[in-house]
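No hydrogens, no waters, no symmetry mates; every other heavy atom, side chains included, goes into these values. Quick note on labels: first sequence line is chain A, next is B, and so on, each numbered from 1.
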2 protein chains.
Amino acid sequence: MNIGEAARASGISRKMIRYYEEIALLEPARTVNGYRVYGPQDVQTLRFIGACRRLGFPMTDVKALLGMWRNRSRSSVEVKRLTDRHITALRERVTELNAMITALEALAQACDGDDRPHCPIITAMANPDGSHTR
Amino acid sequence: MNIGEAARASGISRKMIRYYEEIALLEPARTVNGYRVYGPQDVQTLRFIGACRRLGFPMTDVKALLGMWRNRSRSSVEVKRLTDRHITALRERVTELNAMITALEALAQACDGDDRPHCPIITAMANPDGSHTR
DNA sequence: CATTGACCTTCCCCTTATGGTAAGGTTGAG
DNA sequence: CTCAACCTTACCATAAGGGGAAGGTCAATG
């Protein structure tokens, strides 16, 4: 299987397949002409990587997860620990984003949104310490 | 005011102050020796930028917001429109992250987390289409 | 007057994960 | 033999920074 076919079979772009090889996530065989050759196992690996990425795991985690997948004597606690850390990171990010959303909603709600220049949003940016001029 | 002092006054690192200049957000004066010189207005600009960044606006939006701030004949509706688009983008991102969190929580909850290899998390990654082998 | 430390300057590399493009080689069909 | 559709490597770019080197400047101290 050539890289194009592997891309279609796995849903991973040719570009990213080569990148994953570069960071040592897989090592396809080569024909005498240097063409990469992928087997069903390689496609499985690519699909595994894709699943990890869709769940937001960074590449370092994906690498670790791949190692655990391949290691038949792994402990499920390792996997769970990694996953829990990732969940925690995602929750923190959501908390940050929600704080931004809440602040922005308050500002937008206070803005008339008409053709006049007065705008609480701009005022808030210009007075970042919350020092309101009353 | 030198760049170091401007950095302390604005809470923006020297590195980023130079970067913001590079992308034309401000243009400090220079001494004869080439040192950047910042006035109170520049510090105001930097604080404005910092406030935008803390609310998650991308630099392109920051640039636009700066322009609106400086434009005394702006319409507040422009500002509000930009803000609303940003809020929408943030909400979408939160929705994505929450979907990941939900999926990961279900997997983690199903994982025993002991010293045995069996692990639903790994199994899920290896079978990305949800094709469970029963 | 020289040294020293704290500034400042520009320039380049690194990050994450991904896309694009260009120059050139291979293959298979017609 | 040619042409399209592959493939290869190599480089550039992204967003928003951080790190650091090499070299210039300035003020205070000895």
D:dC6, OP1 or OP2 - any side-chain N/O from A:R8 closer than 4.0 Å? no
Just the rounded figure in Å: distance from P of D:dG24 to CG of B:N2. 19 Å
Report yes if at least one side-chain N or O of B:S13 is closer than 4.0 Å to OP1 or OP2 of D:dG17; otherwise report no. no
A:H86 side chain to A:L55 main-chain N or O, any donor-acceptor pair under 3.5 Å? yes
Would you classify A:F57 as touching base, sugar-phosphate or nothing, given that sugar-phosphate means primed atoms plus P, OP1 and OP2, and contacts are heavy atoms under 4.0 Å? nothing
Pairwise distance CD1(B:I17) to CD1(B:I3) - rounded to 0.5 angstrom: 5.0 Å
Tell me: CD1 of A:I17 to C1' of D:dC6, nearest whole Å? 14 Å
With hydrophobic residues grouped by side-chain heavy-atom distances under 4.5 Å, do A:V77 and A:L82 end up in a single group? no
Whole angstrom is fine here: how far is it from CD in A:E21 over to P in C:dT18? 16 Å
Answer yes or no: does a side-chain N or O of A:R36 lie under 4.0 Å from OP1 or OP2 of D:dC7? no
Distance check: side-chain N/O of B:Y35 vs OP1/OP2 of D:dC26, anything under 4.0 Å? no
Within this structure, what is the CG-to-C1' distance between A:L25 and C:dA17, rounded to whole angstrom? 12 Å
Counting just side-chain N and O atoms, does B:Y20 come under 4.0 Å of either OP1 or OP2 of D:dA16? no
How many whole angstroms separate atom CD1 of A:I12 from atom P of C:dG19? 10 Å
Rounding to an integer number of Å, can you tell me how far A:Y19 OH sits from C:dT15 P? 9 Å
Can a side chain N or O of A:R14 be found less than 4.0 Å away from OP1 or OP2 on D:dC6? no
Taking CG from B:N33 and P from C:dA6, how many angstroms apart are they, rounded to a whole number? 21 Å
Kindly compute the distance separating CD (A:E78) from CG (B:D115), expressed to the nearest 0.5 Å. 10.5 Å
Between A:R93 and A:E96, is there a side-chain N and carboxylate O pair less than 4.0 Å apart? yes
Which sits closer to the 5' end of DNA chain D, B:M59 or A:E5, going by the nucleotide each is nearest to? A:E5
Please confirm whether the shortest side-chain N or O distance from A:R18 to OP1 or OP2 of C:dA17 is below 4.0 Å. no
So which one's nearest nucleotide on DNA chain C is more toward 5', A:M16 or A:T31? A:M16
In whole angstrom, what separates B:M1's CE from C:dC7's P? 15 Å
Minimum-distance nucleotide (side-chain atoms of B:P58 versus D:dA16, C:dT10, D:dT9): D:dA16
